[in-house]
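All values derive from a computational prediction rather than experimental measurement.
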Number of protein chains: 2
Amino acid sequence: MAATETLTAERILEATEEVLRRYGPAKATVVDVARALGVSHGSVYRHFRTKAALREAVTERWLERNVTELRPYAEGPGPAAERLTGWLEHLFALKRQKAGGDPELMATFQVLIGENSAVVDRHVEHLVAQIAAVLADGVRDGVFAAGDHGVTATARAVFDATDRFHDPAHAADWAAPGIEDDFRAVVSLVTRGLRA
Amino acid sequence: MAATETLTAERILEATEEVLRRYGPAKATVVDVARALGVSHGSVYRHFRTKAALREAVTERWLERNVTELRPYAEGPGPAAERLTGWLEHLFALKRQKAGGDPELMATFQVLIGENSAVVDRHVEHLVAQIAAVLADGVRDGVFAAGDHGVTATARAVFDATDRFHDPAHAADWAAPGIEDDFRAVVSLVTRGLRA
DNA sequence: GGAATGACAAATATTGAAATCTGTCATCGG
DNA sequence: CCGATGACAGATTTCAATATTTGTCATTCC
């Protein structure tokens, strides 16, 4: 039906996301994706060497959106301390919203995450770099101390310390009552630890 | 063969642990446990109402050992700051050792953990209480600040912030190079955050 | 010429019948 | 009398036959 438009990697990725959303990671097949696009599955293989590569590309796209959403905090103006808490709160809110709003989609996402740890590692690098940018501003302004092992190591420590509030592995906890308090307590502990 | 000894809950738990170790969580059956003890499976049901209850008891025993191992840091003498880092390091070392030394056993353990979240929650309470005891000593001695929301909330924040280094969900990461540095960076950040 | 197709082999997943396991309980034996 | 037994029904798991999917490639079509 959509055979009029040319088949691009982008269109295949959109269809794949839709198929994953509808059937889940276990049942979504390349044939399903091709059917959704009204083409033969052979055509999909022209754009993606394997099913794994296709799923990896979807995962990458998905994660990339988070980085984009958080960029304002990393680059935006304002005091570094507020930008850091804003960044952490926004990340947690994003994740919680996704996990709470559509648990099945979150489960699908978690499977993809598990399949593509290399992609995830690269994504974590991006996020840590965003934290590091905020920390660097804070150090420059004298509100944060440069950590014992450099800003990047400290940024990673901030990311690791808040792991429970952004790692999909903990998504099941995010609906628990009191999780907000736990989050605030950790953020408070971490920001105290950063103070100059 | 061991039919001479009386059948106790304790002996059943030992046999169950052995069976779990040998066959893994998916294959370990109540019949296997009974066979290992040389009794009928009906006898096992005299001591544990269900297979789930049996597994829960094993999980509880397993976790209890950790609490015992860490008690010296919680109660022992010495400066609170050193006891805290010692406690955190010992916990991480314990977990890493188990995960690295016998990955299959760790996987088994992780399945049991997942099945028995109520038991795990109680166990976490115990661990947080141990941290809280150290923090309370530190506050008394003037080396730690009482957190904004009380010692227990702060203790939980310490536990949460170091989650990546004790939660079995992250066991796969514990063999990565640089994990030691990551751990030290988080502990450093946290202890800074606690200082009076 | 270059993108799209669909037949095909090998790998993977599904299915349903057979086997095993869980949990109960009437009976046994010390 | 009281713990242990094993036969049993219903639930779950296993296994092997069957069907689907993945990935390739010679051929088709624009």
Side-chain angles (χ1 to χ4, degrees), chain A residues 1-60 104 107-108 110-112 114-116 119, chain B residues 1-60 104 107-108 110-112 114-116 119:
Chain A
M1 23 186 72
T4 54
E5 296 177 52
T6 54
L7 187 61
T8 63
E10 184 63 21
R11 284 189 61 222
I12 293 173
L13 287 176
E14 265 159 33
T16 306
E17 227 180 284
E18 175 58 20
V19 167
L20 280 167
R21 201 185 302 274
R22 183 166 301 168
Y23 301 125
K27 296 282 182 66
T29 72
V30 176
V31 171
D32 290 331
V33 173
R35 189 165 28 236
L37 289 163
V39 300
S40 75
H41 75 280
S43 299
V44 173
Y45 280 97
R46 174 164 301 283
H47 294 266
F48 295 94
R49 265 192 4 278
T50 63
K51 181 190 187 183
L54 178 56
R55 282 171 168 245
E56 187 178 308
V58 169
T59 308
E60 201 155 18
E104 284 191 40
T108 295
Q110 248 168 281
V111 170
L112 292 185
E115 279 172 3
N116 298 286
V119 171
Chain B
M1 24 185 77
T4 55
E5 295 177 52
T6 53
L7 188 61
T8 62
E10 183 62 21
R11 285 189 61 222
I12 293 173
L13 287 176
E14 266 161 29
T16 305
E17 226 179 286
E18 174 59 19
V19 167
L20 279 166
R21 201 185 301 274
R22 183 166 301 168
Y23 301 124
K27 295 283 183 63
T29 71
V30 176
V31 172
D32 290 331
V33 173
R35 189 165 28 235
L37 289 163
V39 300
S40 75
H41 75 280
S43 300
V44 173
Y45 280 97
R46 175 164 301 283
H47 294 265
F48 294 93
R49 267 194 359 279
T50 63
K51 181 188 185 184
L54 178 56
R55 281 169 168 248
E56 187 178 308
V58 168
T59 308
E60 202 155 18
E104 284 191 39
T108 294
Q110 247 168 282
V111 171
L112 293 186
E115 279 171 3
N116 298 286
V119 171

Using heavy atoms and a sub-4.0 Å distance, could you list which residues of residues 17-32 of chain B are near DNA chain C? By number, please. B/Thr29, B/Val30, B/Val31
Rounded to whole angstrom units, what separation is found between the [atom1] atom of [X] and the [atom2] atom of [N]?
X       : N      : atom1 : atom2 : result
A/Phe48 : D/dT22 : CZ    : P     : 15 Å
A/Arg35 : D/dT20 : CZ    : C1'   : 11 Å
A/Leu37 : C/dA3  : CG    : P     : 17 Å
A/His41 : C/dA3  : NE2   : P     : 18 Å
A/Arg46 : D/dT28 : CZ    : C1'   : 13 Å
A/Tyr45 : C/dA7  : OH    : P     : 17 Å
B/His47 : D/dG3  : NE2   : C1'   : 8 Å
A/Arg49 : D/dC25 : CZ    : P     : 14 Å

Can you tell me if A/Ser43 touches the phosphate of C/dT5, counting only side-chain N or O atoms and a distance under 4.0 Å to OP1 or OP2? yes
Main-chain N/O of [Y] paired to [X] side chain as donor or acceptor, under 3.5 Å:
X        : Y        : value
B/Arg35  : B/Ser40  : no
B/Ser43  : B/Val39  : no
B/Asn116 : B/Leu112 : yes

Between the CZ atom in A/Arg46 and the NE2 atom in A/His41, the distance rounded to the nearest 0.5 Å is 13.0 Å
The side chain of B/Thr50 lies closest to which of these nucleotides: D/dG23, C/dT5, C/dG23? C/dG23
Closest to the side chain of A/Ser40, out of D/dT5, C/dT5, C/dG23, is C/dT5
Which heavy atom in A/Thr108 sits nearest to a heavy atom in A/Gly24, and how many Å separate them? OG1-CA, 4.0 Å
Restricting to non-hydrogen atoms, name the atom on B/Arg11 and the atom on B/Thr6 that form the minimum distance, rounded to 0.1 Å. NH1-O, 3.1 Å
Would a 4.5 Å heavy-atom cut-off, applied to side chains only, mark A/Thr16 and A/Ile12 as touching? yes
